[in-house]
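Take a look at the structure below.
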Amino acid sequence: MRMTNLFVQTLREYPSDAEVISHKLLVRAGYIRKLTNGIYNYLPLMQRVLRKIENIVREEMDSAGAQELLMPFVQPAELWQESGRWDVYGKELMRLKDRHSREMCLGPTHEEVITSIGREGIRSYKQLPVNLYQIQSKFRDEIRPRFGLLRGREFIMKDAYSFDADENGLDKSYEIMAKAYSRIFERCGLETKMVQSDSGAIGGSVSHEFMVLVNEDSESNAGENDVFYCPKCGYSANSNHAVSVLSEAQTDGKYLKSEITDTPNTHSIEELSEFLNIPESVICKCLIYVVDGKYVAALIRGDRTVEETKLMNVFAGNDIRIARNDEIEEIMQNSGFNATIGFIGPKGLKNVEIVADETVKDLKNFVIGCNQNDKHLTGANWGVEVELPEKIADIRLVEENDKCPECSHPLKVTKGIEVGNIFKLGTKYSKAMNATFTDKDGQEKPFIMGCYGIGISRTAAAAVEKHHDEFGIKWPLSIAPYTVIIVPVSDRDEEQMNLAEKIYNELLKHKVEVILDDREERAGVKLKDADLIGIPYRITIGKAIKDNLVEFKTRSTNETILITPEEAIQKLISL
RNA sequence: CGGGAUGUAGCGCAGCUUGGUAGCGCACCUCGCUUGGGACGAGGGGGUCGCAGGUUCAAAUCCUGUCAUCCCGACCA
């Protein structure tokens, strides 16, 4: 490709609306352009990067035994009503009506469609297992799109779905995908960590996410997930799923006798702990949530934080939020109290489900809200002044240095970008949508399914987050839009231009993906652009031409060597 | 959903307080000059100042509404 023909506009400055480095660089280097909030044009250079990633994905998926197909982007509401997700998916599902007022939606994911394909096409266990995948645009109407391609509303995803006859088969399919994913990301030049995760709105039981770890001290602040991991045994999990060994309950000898104690203006645990001069860990905190429209009280030790996803899962909910003040007033009125935030306790709450975190069950002589303003019950004990709730679960957010659930070593935390995920769906969709096959024993059985996603466009952005410097992008060779760029220093030097043409043609002949910067620009412009765009190799033709030498620069290391044109060509051909 | 900020040429911004012919840098076009890390000079093209109302002789500027974008937050009791 000649630079004078390449459709690309690099910018001298970063766009003002970009926050993270991948977004800034991709816009500035002319890869993407925002069309509207969370929706981007992929310009020619970007499209080549995406194609590269897609092709790596295709090769690995195909060799893992999966088959590519393509499902519609627009889907009928009926399918979603069948699975039950029409009513629970929420506002992220972009709904629309066709001219006959039929309800439709833009596909945020394709479990419903693939299940309908499976139930029509797979009749016998003899046809199993099957793994089908597609690479396609998805649309999710995110509350707050940001970070460029890392969290757009429209994005490119590879989604695969497996059908098996039994759990054993699913385990195998899952394992095969996990291995394929590791290879895919490795080939894309990304180190990933496979971490346990919550299965979220997609449903199902087991799931893992592939995270590109982003150190907090690096330039990249793009990691949206907290990942807890054990440096000793390798345990790792998303914070929405991570567990840790329960630390021993602390006791405090200060309040041995149960009594109502005045605690004026202690609206927070911190204030209460300070006022009573006791550790936060001997306070039982009571938080009111709304899960799928129902009130829930969550009890947890004062020094710990509730993990909302875990709490929501206790009630198999789809939606969770902390209660508003007016809702708390309503609960208080219904229960015959008038306490406000800071003084609420579980005792006597009406129409509120109560769940206690494991951290509170061993508390002794603790402090707890008693639904009277400016007062707390001190020296409380379970079964004496307050009943221990029947529902006890792990609803706490793990903290750094908590003990690893596998080996008790202290856990560490880091930020991660989720580039892929794999789920064991089980029969969630096949049962709901009556997708069955005839098994060996002649019985009709629902498929055991799995689903497996890779964010193609996000993977590209993650690669930029990990591979860049102050001058621009440093694409890994495997996903770079072009392999090499030839820069003749002076476009008016006939000898340089002739050599550039010669090398260019030779490389083209050998199918090397090459750009010839044939623009009438000063050297600085061409060199800056080459660095910004991030082509892995650069051949610079300048003064050394008199000794039959060119500069050969490797962008990943920014190392330059002087070699002959023939050697340069040979290096590139043999990559 | 709450708070804050911003909408002026492809990009980055000034002008608004105090209303009076719409500006600067980059990019783009022409000519000259220049050619190893985003040169220089001269000339030129491009904007219904987000949109809609209102006030006024006159609105980018003041007022009202609206839309969009960005950031932060969304309550740990």
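Note on naming: letters A, B, ... go to the chains in the order of the sequence lines (proteins, then strands), and numbering restarts at 1 for each one.
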- Task: Determine the contact category for A:R396: base if any of its heavy atoms lies under 4.0 Å from a base atom, sugar-phosphate if only primed atoms, P, OP1 or OP2 are that close, otherwise nothing.
- Result: nothing

- Does a donor on one side chain and an acceptor on the other come within less than 3.5 Å for A:S197 and A:E209? yes

- Decide whether A:E307 and A:T309 meet the rule of one side-chain donor and one side-chain acceptor closer than 3.5 Å. yes

- Any chance you could measure A:L246, atom CG, to A:E358, atom CD, to the nearest 0.5 Å? 5.5 Å

Using Watson-Crick or G-U wobble geometry with both distances under 3.5 Å, which nucleotide pairs with [N]?
N     : value
B:C62 : B:G54
B:U17 : none
B:G10 : B:C26
B:G45 : none
B:G73 : B:C1
B:C40 : B:G32

Nearest-angstrom distance from the residue atom [atom1] of [X] to [atom2] of [N]:
X      : N     : atom1 : atom2 : value
A:E329 : B:C75 : CD    : P     : 18 Å
A:I328 : B:A74 : CD1   : P     : 16 Å
A:E399 : B:C76 : CD    : P     : 15 Å
A:R144 : B:G73 : CZ    : C1'   : 8 Å
A:D517 : B:U35 : CG    : P     : 18 Å
A:K24  : B:C70 : NZ    : C1'   : 13 Å
A:Q9   : B:A27 : CD    : C1'   : 10 Å
A:E520 : B:U34 : CD    : P     : 14 Å

- Item | Phosphate OP1/OP2 of B:G12: any A:S16 side-chain N/O under 4.0 Å | yes

- Task: Give a yes/no answer on whether the side chain of A:T36 brings an N or O atom under 4.0 Å of OP1 or OP2 in B:A68.
- Result: no

- Pick from A:I485, A:I533, A:D469: which one makes a side chain to side chain contact (heavy atoms under 4.5 Å, CB included) with A:R555? A:D469

- Passing option when A:M46 is tested against A:V8, A:L149, A:N41 for side chain to side chain contact (heavy atoms under 4.5 Å, CB included): A:L149

Using the [atom1] atom as the reference point in each nucleotide, state the distance between [N] and [M] in Å, no decimals.
N     : M     : atom1 : result
B:A59 : B:G53 : C1'   : 13 Å
B:C13 : B:U8  : P     : 10 Å
B:G50 : B:U6  : P     : 13 Å
B:C62 : B:G20 : P     : 11 Å
B:A74 : B:U64 : P     : 30 Å
B:C40 : B:U55 : P     : 50 Å
B:G73 : B:C57 : C1'   : 48 Å
B:G45 : B:A5  : P     : 39 Å

Lys/Arg-Asp/Glu bridge criterion (N-O < 4.0 Å) met for [X], [Y]:
X      : Y      : result
A:D303 : A:K285 : no
A:K526 : A:D518 : no
A:D394 : A:K310 : yes
A:R324 : A:E329 : no

- How do A:G38 and A:C286 order along RNA chain B: which one's closest nucleotide is nearer the 5' end? A:G38

- Query: More 5' along RNA chain B: A:L272 or A:N37, using each one's nearest nucleotide?
  - Reply: A:N37

Contacts under 3.5 Å, N or O only, protein and nucleotides 23-25 of chain B:
none

- Establish, yes or no, whether a centroid distance under 6.0 Å links the rings of A:H23 and A:Y31. no

- Item | Distance under 6.0 Å and angle within 45° of ring axis: A:K412 vs A:Y229 | no

- Message: I need a per-nucleotide contact map over nucleotides 36-44 of chain B, read 5' to 3'. Cutoff is protein heavy atoms under 4.0 Å; write B for the base, S for backbone only, - otherwise.
- Response: BBBB-----

